[in-house]
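Scroll down for the structure; my scribbles are underneath it.
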Amino acid sequence: MLDQKLIRENPTLVEEKLSVRGIKLNLSHLQKLTIELKNKDTELSNLQSESNKISKLIGNYYHNQKDSSIGDINELKSNGNNLKSEISKLEQIKRDLNKEIIDEILKIPNFPSKNAPKGKDESQNIELRKWGNPLKKENIKSHWEIGENLNLFDTKRTSRISKSRFITLIGNGARLERALINFMLDTHQKNGYLELMPPALVNSESLRGSGQLPKFSNESFKCHEDDLWLSPTAEVPLTAFHKDEIIDPKLLPLKYVAFSPCFRREAGSYGKDTKGLIRLHQFNKVEIYWFSNPEHSEEAHQKITSDAENILKELNLPYRVVDICSGDLGFSSSRTFDLEVWLPSCNNYREISSCSNCLDFQARRSLIRTKQNKKTTFLHTLNGSGLAIGRTMAAILENGQQKDGSVKIPDVLVPYFGSSFIKTN
RNA sequence: GGAAAGGUGGCUGAGUGGUCGAAAGCGAACGACUCGAAAUCGUUUAAUAGGGAACUAUUCGUGGGUUCGAAUCCCACCCUUUCCGCCA
C-alpha cells in the first residue's frame, strides 16, 4: 500500500514511478479526495475540541458544588448536544471518504525499484547469472512421460477425485516429494531460518495484507460459508504472522521457513502446461521469508536469493537467475529475482522460485513496524520460494533421467529418499 | 454447537461515569557509580493524524447506543481461554 500523504502531496511522482510498470494512472481524483479528507479531519478535530471543553466545564461545575460562575448548566448541555449532532454528521462523511480512498489505494501496486530493469514484459527481463551445465541430448523424455513409465503419479484418476490440474503422487513419487520437503526445510533451518507450519486457510485480511486482495480475488479459492480462503502461498500467512506488531529492531531480521500446500485457481491459463507437475491447482512449496530492517533490505534480498539458489546447487540442478523487469513485476514487489531451473524437455529454463523485496508495501498493509532512532517505521518484507516442490521434482526427473529409463537421485537427497535411483515402483 | 470468564501501552497487569491516555511491574533508552561490566540508584519511554515543536484530535477487540462527558453503562458482532458436546 502506498503512503496516502505521498498521493496527497505529490501524485505526479507516484504516477511517474508506476508508469514504468506500464500502467497509466490518473491520481487527480484520489488526490482531491485525500485533501478533502484532511480538511474534514481538521474541521472535525476543532468541533471535538470545543465539545471536550464544554464537557470539562460541566464536570467542574459538579465537582465544585455547582459553582454558579460557570453559568447556566442547561445551556451548556444543550450546546454540547448541538455539537454532538454536527460531529456525528462529519464523522459519517469522513468514514465514507476514507473508505473510498483506501479502496482505491489498495488497488495500486508497489513502486518498482530504481534498480529493476526497465521493460514492458518478460521478454525484457535480464539474465544475471547461470549455474550448472544444461542437459542437451537426443531422446529426452518429459517428466510426465518418466512419471508415467515409473508410475510416480496419476492425473487421469485424480481428475475423477477433483478435476484437472490436480495430482496424486504414488509410491516413490510421494516419497520423493516428502524427501524434497524435508531436505529443503532442514537446509534452511541450518542457515538460520525458523520453521513455521502455518494454516492453509487464511482470512481476507491476511490476503489484503500481502497484496492478493482486493485485485486478485479470482486467483484464489474461496470458502463461501466463512471468511476464509485457501492460501495461494505461505507468503500470506507468514506476512500475517506479525500483523499489527511493532518488532524490536534487535530481533531483526526475522527469518522464517515454512512448508505449505498452495492453492491457485490458475484462471486464464487454459491450455498452458496441461501435463505434468508444472501448473497445478494444488502444489507444495517451501517458502523462505524475511522481516528486515528497512536499511538492510537490499542485502537481505541478495541473501534470500542465494539461500534459494543454494537448494538448486545442492540438488545439482542447472539454473539461471533473472532480474524481473518493471513491467513484469508482481503487484507487491519492488524488485524480483526469479530462479529458473533447466528443464530438458522444454529445452529451456522454467521458473522455480521468485525472490522478491516488497519494501514496506506489505508491512504498511499489514501494519508491521519496527523502531528506528526512537521513531516507529514500517519494516521491509522479503519472500522467496525455496523451492516449489513439484517443479523441483520435475527438474530432478528430467535432469536425472538415465538411458535405461531410471532416474538418478541427487546425492544430498539420498539419505532422505532412501536410494540413489528410482527404477520401478 | 451449549455454558462461563475474558480482550487495556513493546510485554504482564490495575482501573466500574469527569483531572484516566490510563497505576504498578517487566523490558528498553539515557545518566550516575565502575578501569569496564553486572548489581544498584535516578530520569525517560504507547500509537496514529494534523509537514518538526508547542498544541489539538483520535485510539483501552470491532461497530452501534445512552450521556454534556464512556476503558468504565447498554446492544450486536469478532476473537481468546476454560468446561461440556462432537471429532482427526
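Lettering follows sequence order; numbering is per chain, from 1.
Residue-level contact check: A:Thr42 touches neither bases nor backbone, having no heavy atom under 4.0 Å from any strand. Among the protein residues, A:Lys56 comes within range of no part of the nucleic acid, since none of its heavy atoms lies under 4.0 Å from any strand. Contacts of A:Asp248 with the nucleic acid, taken as non-hydrogen atoms under 4.0 Å apart, are absent.
Using Watson-Crick or G-U wobble geometry with both donor-acceptor distances under 3.5 Å, B:rG6 finds its partner in B:rC79. Across every strand in view, B:rG21 sits unpaired, with no contact that passes the Watson-Crick or G-U test at under 3.5 angstrom. A 3.5 Å limit on both hydrogen-bonding distances identifies no Watson-Crick or G-U partner for B:rA71. Across every strand in view, B:rG85 sits unpaired, with no contact that passes the Watson-Crick or G-U test at under 3.5 angstrom. Both distances falling under 3.5 Å, in either a Watson-Crick or a G-U wobble arrangement, place B:rG42 opposite B:rC30.
When the P atom of B:rU48 is taken as reference, atom CG of A:Asp244 falls 13 Å away, rounded to whole Å. The CG-P distance, from A:Leu6 to B:rG51, rounds to 15 Å in whole Å. Straight-line distance from the CG atom of A:Leu367 to the C1' atom of B:rA47: 9 Å, rounded to whole Å. Atom CG of A:Asn203 and atom C1' of B:rU80 are 15 Å apart (whole Å).
Only the P atoms considered, B:rC77 is 28 Å distant from B:rC87, to the nearest whole Å. Using atom P as the reference point in both B:rU56 and B:rG17, the two lie 27 Å apart (nearest Å). Going from the C1' atom of B:rU12 to that of B:rG7 covers 14 Å, rounded to whole Å.
When distances run from any side-chain atom of A:Asn81 to the nucleotides B:rA49, B:rC68, B:rA47, the shortest one goes to B:rC68. Candidate nucleotides B:rG50, B:rA57, B:rG18 were compared by shortest atom distance to the side chain of A:Lys38, and B:rG50 ranks first. Of the candidates B:rA57, B:rG10, B:rU48, the closest approach to any side-chain atom of A:Gln48 belongs to B:rA57. Residue A:Ile58 has its side chain nearest to B:rG18 when only B:rA49, B:rG18, B:rU56 are considered. Closest approach to the A:Asn60 side chain among B:rA57, B:rA29, B:rU19 is made by B:rU19 (side chain taken as heavy atoms from C-beta onward). The A:Arg369 side chain lies nearest to B:rU48 when the options are B:rG50, B:rU48, B:rU56.
For A:Arg95 and B:rG63, the shortest distance from a side-chain N or O to OP1 or OP2 is not below 4.0 Å. Regarding contacts with the backbone of B:rA49, every side-chain N or O of A:Arg8 stays at 4.0 angstrom or more from both OP1 and OP2. In this model, the phosphate group of B:rA57 is approached by a side-chain N or O of A:Asn52 to a distance below 4.0 Å at OP1 or OP2. Considering only side-chain N and O atoms, A:Lys371 lies nowhere under 4.0 angstrom from the phosphate OP1 or OP2 of B:rA29. Applying the 4.0 Å criterion to OP1 and OP2 of B:rG18, one finds that A:Ser55 has every side-chain N and O outside that range.
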Apply salt bridge (Lys or Arg N to Asp or Glu O under 4.0 Å) to A:Asp103 and A:Lys99, showing your working.
CA-CA 6 Å; A:Asp103 284 353; A:Lys99 187 179 183 312; 2.8 Å; yes

Does A:Leu18 form a side chain to side chain contact (heavy atoms under 4.5 Å, CB included) with A:Leu2? I'd like the steps, not just the answer.
CA-CA 11 Å; A:Leu18 286 169; A:Leu2 301 181; 4.2 Å; yes

Go through it in stages, so that I can follow the logic: the residues are A:Ser269 and A:Arg165, the test is side chain to side chain contact (heavy atoms under 4.5 Å, CB included), and I'd like the CA-CA distance, side-chain angles, deciding distance and then a yes or no.
CA-CA 11 Å; A:Ser269 65; A:Arg165 287 202 195 285; 3.7 Å; yes

Checking side chain to side chain contact (heavy atoms under 4.5 Å, CB included) for the pair A:Tyr416/A:Arg178: CA distance, chi angles, key distance, verdict?
CA-CA 8 Å; A:Tyr416 290 95; A:Arg178 258 193 304 135; over 6 Å; no

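Not less than 6.0 angstrom separates the ring centroid of A:Phe183 from the ring centroid of A:Phe417.
Taking the six-membered ring where the residue is Trp, A:Phe221 and A:Phe166 present tilted rings, their angle falling between 30° and 60°.
Sequence order on RNA chain B of the closest nucleotides to A:Ile246 and A:Ser51 puts A:Ile246 first from the 5' end. When the nearest nucleotides of RNA chain B are assigned to A:Lys84 and A:Gly59 by heavy-atom distance, the more 5′-ward of the two goes with A:Gly59.
Using modelled atom types, one side-chain atom of A:His188 and one backbone atom of A:Gly386 make a donor-acceptor pair closer than 3.5 Å.
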